[in-house]
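Here's the structure we're looking at; comments come further down.
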Amino acid sequence: AGGTLVLWLAAQPLAVRVRLVVAVAPVADLVQGYERKLSDEGDAIQLYMKCTPDDPGGADKYRTASPAAHVPLPVPLLLVTGDKDEDVPPDMVRAYHASCAAARKTTGLP
């Protein structure tokens, strides 16, 4: 959860200047993480969120908590993933990276 939390925090208004965010194996899209049933038991995201996206109000909760809904980040970002990671598949991290890069281009951020 640490990688996910640091991405979410970086998107919030902060009273300190952040120079770099490092996220290790983040589940950046919580809806996708739920749908792909990440974790050994397949319920890690549901337990973390205490609901499903289909529950009343669940979609809004997932959107608010999901770093993928808050791109681009206003700070530089380093994403770390293992090419054989079975808990957080690397394609999920790469997809988040691609969405951040595309969003930065459209907003003119460096």
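Residues: numbered from 1 along the sequence shown.
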Self-check item: Pairs flagged by salt bridge (Lys or Arg N to Asp or Glu O under 4.0 Å) wherever residues 44-59 is involved - sequence neighbours left out
Solution: none
Self-check item: Linked, directly or transitively: V93 and L9 (ILVMFWY side chains, under 4.5 Å)
Solution: yes
Quiz item: Okay, side chain of D43, backbone of Q46: is any donor-acceptor separation there less than 3.5 Å?
Solution: no
Self-check item: Pairs meeting criterion salt bridge (Lys or Arg N to Asp or Glu O under 4.0 Å) with involvement of residues 68-82, two or more places apart
Solution: none
Quiz item: Distance from Y48 atom OH to L5 atom CG, nearest 0.5 Å?
Solution: 3.5 Å
Which pairs of donor and acceptor atoms, one on a side chain in residues 13-35, lie under 3.5 Å apart (sequence neighbours left out)?
residue	atom	partner	partner atom	Å
D29	OD1	V31	N	3.1
D29	OD1	Q32	N	3.0
Q32	OE1	R36	NH1	3.2

Quiz item: Do E41 and L47 have side-chain heavy atoms sitting under 4.5 Å apart?
Solution: no
Quiz item: Rounded to the nearest 0.5 Å, how far does OG1 of T52 lie from CD1 of I45?
Solution: 12.5 Å
Quiz item: Nearest heavy-atom pair of Y62 and C51: which atoms, and what distance?
Solution: OH-O, 2.8 Å
Less than 3.5 Å apart, which donor and acceptor atoms pair up between the side chains of residues 67-77 and the rest of the protein, not counting sequence neighbours?
residue	atom	partner	partner atom	Å
H70	NE2	T64	O	2.9

Exercise. With rounding to the nearest 0.5 Å, note down the distance linking CG in L78 to NE2 in H97.
Key: 9.5 Å
Self-check item: Partners passing salt bridge (Lys or Arg N to Asp or Glu O under 4.0 Å) against R63 (at least two apart in sequence or in another chain)
Solution: D60
Quiz item: With K37, which residues qualify under side-chain contact (heavy atoms from CB on, under 4.5 Å), at least two apart?
Solution: none
Quiz item: More than 12 foreign heavy atoms under 6.0 Å from CD of Q12: is that the case here?
Solution: yes
Quiz item: How long is the span from the CD atom in E86 to the NZ atom in K84, to the nearest 0.5 Å?
Solution: 10.0 Å
